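Read the structure below first, then the notes.
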Protein chains: 2
Amino acid sequence: MANRVTLDHIAQHVGVSKTLVSLVLNGKAQQYGISRQTCDRVFAAVKELNYRPNQTARSLRTGKTGTIGLVVSDISNTFYAQLARQFEDLATANGYSVFICSTDEDVEKEQRLITMLRNRQVDGLVVSSSQSNAEWLMAINDSGTPLVLIDRHLGASTLTAVVAANRNGGALLANQLFEQGYRHPLVIGLSTNHISSVAERIEGFVEVFKGKGQTCAIREVGFNTLQPDVHSLLANPKLLPFKPDCLFAVNNNVATAALQSLAAMRVKIPNELGLVCFDDLPYFSIIEPTITAVEQPIAAMCGKAFELLQLKMVGDSVEVSQGILELPVKLNIRRSSLKKSK
Amino acid sequence: MANRVTLDHIAQHVGVSKTLVSLVLNGKAQQYGISRQTCDRVFAAVKELNYRPNQTARSLRTGKTGTIGLVVSDISNTFYAQLARQFEDLATANGYSVFICSTDEDVEKEQRLITMLRNRQVDGLVVSSSQSNAEWLMAINDSGTPLVLIDRHLGASTLTAVVAANRNGGALLANQLFEQGYRHPLVIGLSTNHISSVAERIEGFVEVFKGKGQTCAIREVGFNTLQPDVHSLLANPKLLPFKPDCLFAVNNNVATAALQSLAAMRVKIPNELGLVCFDDLPYFSIIEPTITAVEQPIAAMCGKAFELLQLKMVGDSVEVSQGILELPVKLNIRRSSLKKSK
DNA sequence: CTGAAAGCGCTTACAG
DNA sequence: CTGAAAGCGCTTACAG
């Protein structure tokens with residue numbers, strides 16, 4: 001319905017075979033020595049009949065759909081929204097369209113979505129996975145579906161992954177806090193702590209304090225109950241082993257929830273509580289106080305992920321680097337982690 | 001490569017025709033009186049051989065791809081990111097996958113993207129269009145491609161559109177400011193002011209002040225030069241016909257740019273300058289001061305848009321309501337528009 | 001209850 | 001330079 005005009009129509013209209021038309025339209029005229037004249041007649045007919053090739057038919061024949069599936073936990077999370085945008089630009093520039101799917105950190109939903117994408121014959125998959133082990137995705141990778149992990153890796157699997165230097169980022173934040181006189185951090189992680197990014201941020205952070213002889217309180221909040229969980233955590237300091245003098249929010253959503261909660265309780269940052277966060281947000285440089293955060297190399301991650309994916313998609317037996325590629329992060333020091341007043 | 005197992009394989013494996021297998025897999029066993037036993041053997045083979053139907057082949061045959069194209073100006077804009085997420089949920093729940101495309105408010109890019117999506121045989125299109133007239137999209141709609149506009153309409157065309165009550169939202173904000181004693185608003189719009197949403201917000205706002213005998217200064221900033229444009233506007237009040245006592249930011253991005261600029265200039269809100277915004281953001285209820293904003297009915301807009309699109313997609317000669325459907329907005333009064341101190 | 005056959009709209013050897 | 005034919009993997013009348 002949407003496309004009544006087919007190759008046959010235009011072939012008939014020009015008075016040639018559809019083979020010829022196809023060749024011309026695919027830029028193989030030169031190669032097959034098709035006359036300039038014939039080409040022009042074909043192009044004229046295409047314009048006149050307003051022909052648009054049916055990509056579905058082409059895909060069935062060629063085995064390539066020109067589509068990529070991007071799977072993240074939640075496309076409305078600013079980090080993933082920015083990542084999606086950057087990735088979309090790369091994909092579009094290279095002739096691909098991208099399906100975007102949100103998993104809500106649900107392992108089974110992720111599998112359902114990925115299966116659906118594979119049934120749609122996507123040429124490649126870029127996923128920020130919530131799986132707790134590499135098994136399931138490894139099978140997909142081994143079956144020949146080009147797959148690149150982004151943002152999170154799945155341990156020492158042979159899956160290609162492009163991630164931020166999470167451990168180092170955590171360490172940078174910890175050092176900043178320590179230098180400024182903070183000694184008793186509360187780390188707010190996620191119940192999905194098995195996820196590499198979160199786990200490594202926390203490890204990197206805790207290690208630094210440990211090296212200084214300080215312990216951190218580590219608490220987890222639920223992905224779907226972020227706000228209330230964070231609030232009850234901050235509202236009930238008695239439940240912690242010590243009264244924290246600073247906070248490490250493990251991602252932007254946790255930070256936002258914490259800021260919301262602290263604002264409601266009128267806690268002064270950084271005077272009463274220091275605060276640092278992994279993930280930078282535009283508002284972090286606007287609000288009072290500005291928030292110290294680690295900025296992820298989103299553009300670089302997308303660039304590298306797309307590059308690796310493309311290598312796998314052309315698949316000319318090129319050996320694509322398996323393993324984890326870590327990209328450097330940037331520490332943006334702002335007022336929320338300023339020197340603790342005695 | 002990704003899918004070596006076809007219907008033929010499983011037909012052979014079970015020892016039946018692929019017609020039968022197809023019927024069973026499409027839940028038509030009942031209808032064709034296929035025995036329970038046969039069905040079970042088919043299902044067993046499917047599981048054993050790990051068969052996944054090739055959606056591309058199915059699409060070519062049925063003319064339905066089970067895909068929808070969502071076209072917005074920028075998926076990384078929080079408003080569109082949230083909208084995309086809501087829409088994705090509805091689509092996924094109904095068996096659709098969604099292509100997401102960003103146009104950067106570029107009319108031609110929008111056309112290129114939409115053409116690409118049509119070539120991919122999407123079953124439907126939801127677009128927040130940057131076109132300055134309805135012509136181009138009307139042709140697509142008339143050609144039979146199910147199309148629903150969202151967020152922005154294209155004038156009194158016969159295109160189906162689901163939008164927020166932009167005019168009313170603008171008026172609500174104006175009334176709030178006026179009641180609080182503000183008299184000299186600076187309206188910061190976008191150079192893409194032809195866009196219905198922006199235009200109506202401004203109209204609704206200005207009308208209210210006009211009704212009170214007050215004039216507004218209206219200025220535009222560029223989509224790609226938002227930050228610097230907003231800043232130079234705020235940094236050079238001499239260029240305005242009067243010194244504004246309040247600001248109306250026409251969307252979340254403008255508001256963010258304004259806040260950034262005002263923070264840098266240490267302008268006190270609302271004491272030195274009142275501020276209201278169209279689009280609510282999580283940070284508006286966190287920052288100091290909290291920001292008065294109109295909240296868009298994103299979930300309702302997506303729900304309605306999907307519903308209308310689906311009607312068009314099944315296309316049982318159902319007469320889908322043409323025209324503009326306006327959904328009510330909500331005014332969230334916060335501190336940034338508090339009473340102006342004399 | 002079941003199968004052979006046509007066809008969706010392309011691309012690509014193959015033959016001339 | 002050009003065309004007839006096969007085939008990608010499905011679904012769906014049609015016939016029995």
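First the proteins, then the strands, lettered A, B, ... as listed; each starts at 1. Any value given below was found using the heavy atoms of this structure, including those in side chains, with hydrogens, waters and symmetry copies removed. Note that the structure is predicted; figures quoted are calculated from it, not measured.
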Give one of base, sugar-phosphate or nothing for [X], where a contact means two heavy atoms less than 4.0 Å apart.
X	value
B/S35	sugar-phosphate
B/N26	sugar-phosphate
B/T38	sugar-phosphate

Would you say [N] has OP1 or OP2 under 4.0 Å from some side-chain N or O of [X]?
X	N	result
B/Y32	D/dA13	no
A/K28	C/dT11	no
B/S22	D/dC10	no

Starting at [atom1] of [X] and ending at [atom2] of [N], how long is that distance when rounded to a whole Å?
X	N	atom1	atom2	result
A/R118	D/dG9	CZ	P	15 Å
A/R4	C/dC8	CZ	P	9 Å
A/L23	C/dC14	CG	P	15 Å
B/K64	D/dT12	NZ	P	12 Å
A/N54	C/dC8	CG	P	11 Å
A/K18	D/dC1	NZ	C1'	19 Å
A/L60	C/dT12	CG	C1'	14 Å
A/Q55	D/dC8	CD	P	19 Å

Is a donor from one side chain sitting under 3.5 angstrom from an acceptor on the other, for [X] and [Y]?
X	Y	answer
B/T160	B/K312	yes
B/S76	A/Q82	no
A/S102	B/E88	yes

Got a donor-acceptor contact below 3.5 angstrom from the [X] side chain to the [Y] backbone?
X	Y	answer
A/Q131	A/W136	no
A/T115	A/Q111	yes
A/R152	A/S196	no

Nearest-neighbour nucleotide for the B/T62 side chain, C/dC10, D/dT12, C/dC8 considered: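 For B/T62, the side-chain atoms sit closest to D/dT12.
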Given C/dT2, D/dG3, C/dT12, the nucleotide with the shortest approach to the side chain of A/S17: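 Nearest to the side chain of A/S17 among the choices is D/dG3.
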Geometric class of the A/F99/B/F99 ring pair [parallel <30°, tilted 30-60°, perpendicular >60°]: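 Judged by the thresholds at 30° and 60°, the geometry between B/F99 and A/F99 is parallel.
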5'-most by nearest nucleotide on DNA chain C - B/G33 or A/T19: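 The residue mapped nearer the 5' terminus is B/G33.
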Ranges pairing with ranges for DNA chain D, where each run has three or more Watson-Crick or G-U pairs under 3.5 Å: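 So far as stems of 3 or more pairs are concerned, DNA chain D shows C:1-3 with D:14-16, C:5-12 with D:5-12, C:14-16 with D:1-3.
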Partner set under side chain to side chain contact (heavy atoms under 4.5 Å, CB included) for A/T19, not counting sequence neighbours: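 Only A/S17, A/L23 meet the side chain to side chain contact (heavy atoms under 4.5 Å, CB included) criterion with A/T19.
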Same-atom distance (P) from D/dC1 to C/dA13, integer angstrom: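 Approximately 22 Å lies between the P atom of D/dC1 and that of C/dA13.
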